[in-house]
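Attaching a single structure in structure tokens format; questions to follow.
For this chain, numbers begin at 1 and follow the sequence in order.
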Amino acid sequence: MLPHHEVYALRYAVTEPDRPRRENFLPGLDLHDGPMPLDYFIWVIRSPERTVVVDTGFDAEAAAARKRRLLHRPIDLLARLGVDAASVRDVILTHLHYDHAGGLHDFPAATFHLQDEEMRYATGRPMCHACLRAPFDARDVMEAVGLVHTGRVKFHDGDRELFPGISLHRVGGHTGGLQAVRVATARGPLVLASDAFHFAENRTRRAPFPLVFHVGDMLEGFLRCEELADGRDDLLIPGHDPAVTRRWPSLSQDEPDIVCLHEAPTVDE
């Protein structure tokens, strides 16, 4: 029997609230315009056996450069959940964009789990194109390369069981080697989709987010994530959707930016 894990989404930053809807879908779709901001998350998977962090977020310097509003340092949110970043042994990197891999140095004891294809993508020919390299910070990519050379990156090629009840699944689309994470919980197989779909609406409308390397792979990724979650909407967690903090219960009244994904949603959207 697989262990049941607790899974938490930690919201650490946001865009301005007036970000327009049209920026979240490929051009040409029939959309009524209006505000549709992004939230930024890292995630924690926890069981009696281990704690695994998914992605590392970004810092104040990156927030200023990208015009994002930093609500919390990711490591401070982790500490409020009882997780000491300096002691974490395993960090899953869904991909190497600045908002997912901007805090590698905050985890000095960790092994980082990454898809082979993501490192090839982030250091190879696609980065000759400005629109594809824009979401990367070269410092983060170079730091990741440095971690390879100190033996602290474990590469994976496609689907892989990382630990009992935690598995990695390459879906691509958004980047060359984007991976989703499937986690066994008491209520079913939860899928941390990361940027396989930024918003639930990207997936339900089959309407890709415009920052995309391969549109076909992104569309297939919607289907793959649904399959991994046994077709249950309440087990599919988008990467940047403010609905996450509205739908799932918070850790406490004092911690509205830490939500409990292993618990059933309290709001339907």
query: Are any side-chain N or O atoms of Glu143 and backbone N or O atoms of Leu104, one a donor and one an acceptor, separated by less than 3.5 Å?
result: no
- prompt: Can you tell me if Asp241 uses its side chain to pair, donor with acceptor, with the backbone of Ala243 under 3.5 Å?
  reply: yes
task: Look at the side chain of Thr56 and the backbone N and O of Gly103, then say whether any donor-acceptor pair between them is shorter than 3.5 Å.
output: yes
field: For Ala9, all residues meeting side chain to side chain contact (heavy atoms under 4.5 Å, CB included), sequence neighbours excluded
entry: Phe41, Trp43, Val244, Val259, Leu261
- prompt: Between Arg133 and Cys128, is there a donor-acceptor pair closer than 3.5 Å when you use the side chain of the first and the backbone of the second?
  reply: yes
message: Taking Met142 as the starting point, is it possible to reach Val153 by hopping between hydrophobic residues whose side chains are less than 4.5 Å apart?
response: no
query: Is it true that a side-chain atom of His5 and a backbone atom of Val183 form a donor plus acceptor pair closer than 3.5 Å?
result: no
Closest heavy-atom pair and its distance - Leu96, Ala122: CD1-CB, 3.9 Å
Nearest heavy-atom neighbours spanning Asp233 and Arg203: OD1-NH2, 2.7 Å
ring-ring contact (aromatic ring centres under 6.0 Å, His included) against Tyr98, all qualifying residues, sequence neighbours excluded: Phe58
Salt bridge (Lys or Arg N to Asp or Glu O under 4.0 Å) assessment of Arg232 paired with Asp230: CA-CA 6 Å; Arg232 288 176 51 185; Asp230 291 347; over 6 Å; no
Neighbour count >12 (heavy atoms, 6.0 Å) for atom CZ, Arg19: yes
task: Could you tell me whether Arg11 sits above the aromatic face of Tyr40, with NZ or CZ closer than 6.0 angstrom to the six-membered ring centre and within 45 degrees of the axis?
output: no
statement: Tightest non-hydrogen contact, residues Thr94 and Ser194, listed as OG1-OG, 2.9 Å
message: Looking at Asp106 and Ile75, would you say the former's side chain and the latter's main chain have a donor-acceptor pair under 3.5 Å?
response: no
- prompt: If you measure from OG1 on Thr185 to NE2 on His262, what distance do you get to the nearest 0.5 Å?
  reply: 8.5 Å
task: Would you check if the side chain of Arg170 reaches a backbone N or O of Gly176 as a donor-acceptor pair within less than 3.5 Å?
output: yes
task: Please name the pair of heavy atoms, one in Cys260 and one in Trp248, separated by the smallest distance, quoted to 0.1 Å.
output: O-CD1, 3.5 Å
- prompt: Taking all non-hydrogen atoms of both residues, which atom of Leu219 and which atom of Pro208 are closest, and how far apart?
  reply: CD2-CG, 3.8 Å
query: Between atom CD of Glu201 and atom CZ of Arg206, what is the distance when rounded to the nearest 0.5 Å?
result: 13.0 Å
message: Strictly distance-based, threshold 3.5 Å: is any side-chain N or O of Asp84 a donor or acceptor partner for the main-chain N or O of Ala86?
response: yes
- prompt: What's the spacing between Asn24 CG and Phe197 CZ if we round to 0.5 Å?
  reply: 14.5 Å
- request: Please name the residue in the list Glu118, His95, His97 that meets the side-chain hydrogen bond (donor to acceptor under 3.5 Å, both in side chains) test with Thr175.
  value: Glu118
field: Partners meeting side-chain hydrogen bond (donor to acceptor under 3.5 Å, both in side chains) with His113 (sequence neighbours left out)
entry: Asp90, His156
- prompt: Quick check: does any side chain N or O of Arg68 sit under 3.5 Å from a backbone N or O of Arg66, one acting as donor and the other as acceptor?
  reply: yes
task: Assess whether ring-ring contact (aromatic ring centres under 6.0 Å, His included) is satisfied between His72 and Tyr12, documenting all intermediate values.
output: CA-CA 5 Å; His72 317 274; Tyr12 69 91; 8.9 Å; no
task: Decide whether Ile45 and Leu10 are clustered together by the hydrophobic rule: side chain heavy atoms of Ile, Leu, Val, Met, Phe, Trp, Tyr closer than 4.5 Å, transitively.
output: no
- prompt: Short question: side chain of Asp59, backbone of Glu61 - any donor-acceptor pair under 3.5 Å?
  reply: yes
His174 ring center within less than 6.0 Å of His240 ring center: no
query: Is the CZ atom of Arg89 crowded by more than 12 outside heavy atoms at less than 6.0 Å?
result: no
message: Please find the pair of heavy atoms, one from Pro256 and one from Ser250, that lie closest to each other, and give the distance.
response: CA-CB, 3.9 Å
